[in-house]
Amino acid sequence: MSDFINGFWGYFISVITLGGIAFCLWLLFTQRAWLGKSVPEVDDNAVHVWDGDITELNTAVPRWWTVFYIGLCVVALGILFLYPGLGTYQGTIGYTAAREVKADQEALKAQIAPVYARYQEMAIEDIARDASAREIGQRLFLNNCAQCHGSDARGSGSFPNLTDGDWLYGGNPEQIMQTITKGRHGMMPPWSSQISPAQASDIAQYVRSLSGLAADSLRVVPGKRGFDTFCVACHGAEGKGNTALGAPNLTDNVWLFGSSEASIVETILNGRQNHMPAQEGILTPEQIRMLTAWVWGLGNQGQKVATK
């Protein structure tokens, strides 16, 4: 609670916390008149009887009960003195939950380091051939990547399929490792200020024809002119894309956002943005290598990866 960006909330929390302890002490000491006294005589006129046999009395508060709660208040003040519990006050021992989490993470890294040590000098391709390494990579994928790419790594709308050998930024081990480590931010700029919906529709017909989809042959010709004017800078003259920019290949029938004319027109006019978060602050370099090997192996199962 010591990281508030507004000083008011620190004071607010402090007042509520100390006020609660002070109120508890006040309530206890207002009962001190009864400490050590015997149970007062019961006034028959003040007796309430419930359900025929449950009598309500005015019994004094026991001394042990009062002393116990005073002790709890003292303990609470001690905790607030040692630990950060009063707004921006850091506490005398400097404890933070973030530091404890980091210490636990470092302990875990030290514990699992021997597991990854045997793969430290191995090439990514060799790691991908190792059955034990693939099991580790799969667990890392399920824990960190399946939320977007699916447990089978086949992706979904706007999330790439990692099993088909089609890569926006390249599929060699170094490129995959770079993607996992640093993340990617893919952007298709919107062209609505320069391209009319009719022009976008023609371009969509041409783009569909590139991958062998049904297209209006009369609109393909003007669509190609629009493509050559606005799209070749990223996707290339033949529409095969550019891995340096993350521009997709438009000739292979792999579509992140759908291949319908309406979807392509939406992409042209309004653009698209995709974000792959960097994992370097979450996974260790050793874990990233294992995950890279597993992902690389998905798209190369029939080529270079074989079980030993």
Side-chain angles (χ1 to χ4, degrees), residues 124-125 148-149 153-278 292 295-296 298-304:
I124 296 297
E125 295 86 347
C148 295
H149 294 283
R154 294 186 179 278
S156 60
S158 82
F159 298 110
N161 181 348
L162 303 179
T163 69
D164 58 7
D166 184 82
W167 302 92
L168 287 174
Y169 293 91
N172 66 48
E174 292 73 20
Q175 291 166 325
I176 296 174
M177 185 179 294
Q178 176 72 10
T179 297
I180 296 173
T181 304
K182 298 296 184 181
R184 301 288 188 181
H185 188 180
M187 185 183 72
M188 160 74 183
W191 290 96
S192 57
S193 62
Q194 301 180 56
I195 299 177
S196 69
Q199 288 176 303
S201 181
D202 290 341
I203 295 173
Q205 289 296 315
Y206 173 70
V207 169
R208 284 175 56 84
S209 72
L210 291 176
S211 57
L213 298 175
D216 186 336
S217 58
L218 296 178
R219 296 165 61 194
V220 164
V221 174
K224 185 180 187 310
R225 287 197 296 268
F227 183 90
D228 292 342
T229 301
F230 299 103
C231 310
V232 295
C234 294
H235 294 282
E238 297 179 352
K240 293 186 178 297
N242 186 341
T243 56
L245 301 175
N249 182 350
L250 303 179
T251 69
D252 58 5
N253 202 31
V254 176
W255 303 86
L256 275 180
F257 296 93
S259 60
S260 69
E261 178 182 340
S263 178
I264 298 173
V265 168
E266 172 73 15
T267 300
I268 295 170
L269 295 180
N270 299 316
R272 302 285 188 181
Q273 290 209 40
N274 258 12
H275 179 63
M276 159 70 186
T292 298
V295 172
W296 179 85
L298 292 176
N300 294 272
Q301 292 177 358
Q303 301 175 33
K304 300 179 181 179

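Fair warning: this is a prediction, and the values are worked out from it, not measured in the lab. Note: hydrogens, waters and symmetry copies are ignored here, and every other heavy atom, side chains too, is used.
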Gap between atom [atom2] of [Y] and atom [atom1] of [X] - 0.5 Å precision:
X      : Y      : atom1 : atom2 : answer
Trp296 : Leu162 : CH2   : CG    : 14.5 Å
Asp202 : Lys224 : CG    : NZ    : 14.0 Å
Glu174 : Ile124 : CD    : CD1   : 8.0 Å
Met187 : Asn274 : CE    : CG    : 12.0 Å

Specify the closest pair of heavy atoms between [X] and [Y], including all atoms of both residues, with the distance to one decimal.
X      : Y      : result
Ala200 : Leu269 : CB-CD2, 3.8 Å
Phe227 : Gly239 : CZ-CA, 4.0 Å
Leu245 : Ala233 : CD1-O, 4.2 Å
Arg208 : Ile264 : CG-CD1, 3.6 Å
Ala204 : Ile268 : N-CD1, 4.2 Å
Gln205 : Ala214 : OE1-O, 4.4 Å

Legend entry - Any donor-acceptor pair under 3.5 Å from Gln175 side chain to Asn172 backbone: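 Yes, the answer is positive, given that a donor and an acceptor are paired below the 3.5 Å cut-off.
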Inset, instruction - Would you confirm whether Arg154, through its side chain, and Thr163, through its main-chain N or O, come within 3.5 Å as a donor-acceptor pair? - result: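 Pair absent, no side-chain N/O of Arg154 close to backbone of Thr163.
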Legend entry - Residue list, side-chain contact (heavy atoms from CB on, under 4.5 Å) with Ser156, at least two apart or on another chain: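 With sequence neighbours excluded, Ser156 shows a side-chain contact (heavy atoms from CB on, under 4.5 Å) to Phe159, given in chain and number order.
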Legend entry - Partner residues of Tyr169 under the ring-ring contact (aromatic ring centres under 6.0 Å, His included) criterion, sequence neighbours left out: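 Tyr169 satisfies ring-ring contact (aromatic ring centres under 6.0 Å, His included) with no other residue.
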Legend entry - salt bridge (charged side-chain N to carboxylate O under 4.0 Å, His left out) against Glu261, all qualifying residues, sequence neighbours excluded: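 Per chain and number, Glu261 pairs via salt bridge (charged side-chain N to carboxylate O under 4.0 Å, His left out) with Arg219.
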Inset, instruction - Go through the structure and list residues passing salt bridge (charged side-chain N to carboxylate O under 4.0 Å, His left out) with Lys182, not counting sequence neighbours. - result: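 In terms of salt bridge (charged side-chain N to carboxylate O under 4.0 Å, His left out), with neighbours along the sequence ignored, Lys182 is linked to Glu280.
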Legend entry - side chain to side chain donor-acceptor pair (under 3.5 Å) contacts touching residues 249-258 (sequence neighbours left out):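 Only Asn249-Thr251, Asn253-Trp255 qualify under side chain to side chain donor-acceptor pair (under 3.5 Å).
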Inset, instruction - Would you list the pairs meeting side chain to side chain donor-acceptor pair (under 3.5 Å) in which at least one residue belongs to residues 263-272, sequence neighbours left out? - result: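 For residues 263-272, and leaving out neighbouring residues, the side chain to side chain donor-acceptor pair (under 3.5 Å) pairs sorted by first residue read Glu266-Asn270, Thr267-Arg272.
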Legend entry - Non-hydrogen side-chain atoms of Leu168 and Leu256 separated by less than 4.5 Å: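 The answer is yes, as the side chains (C-beta and beyond) meet within the 4.5 Å cut-off.
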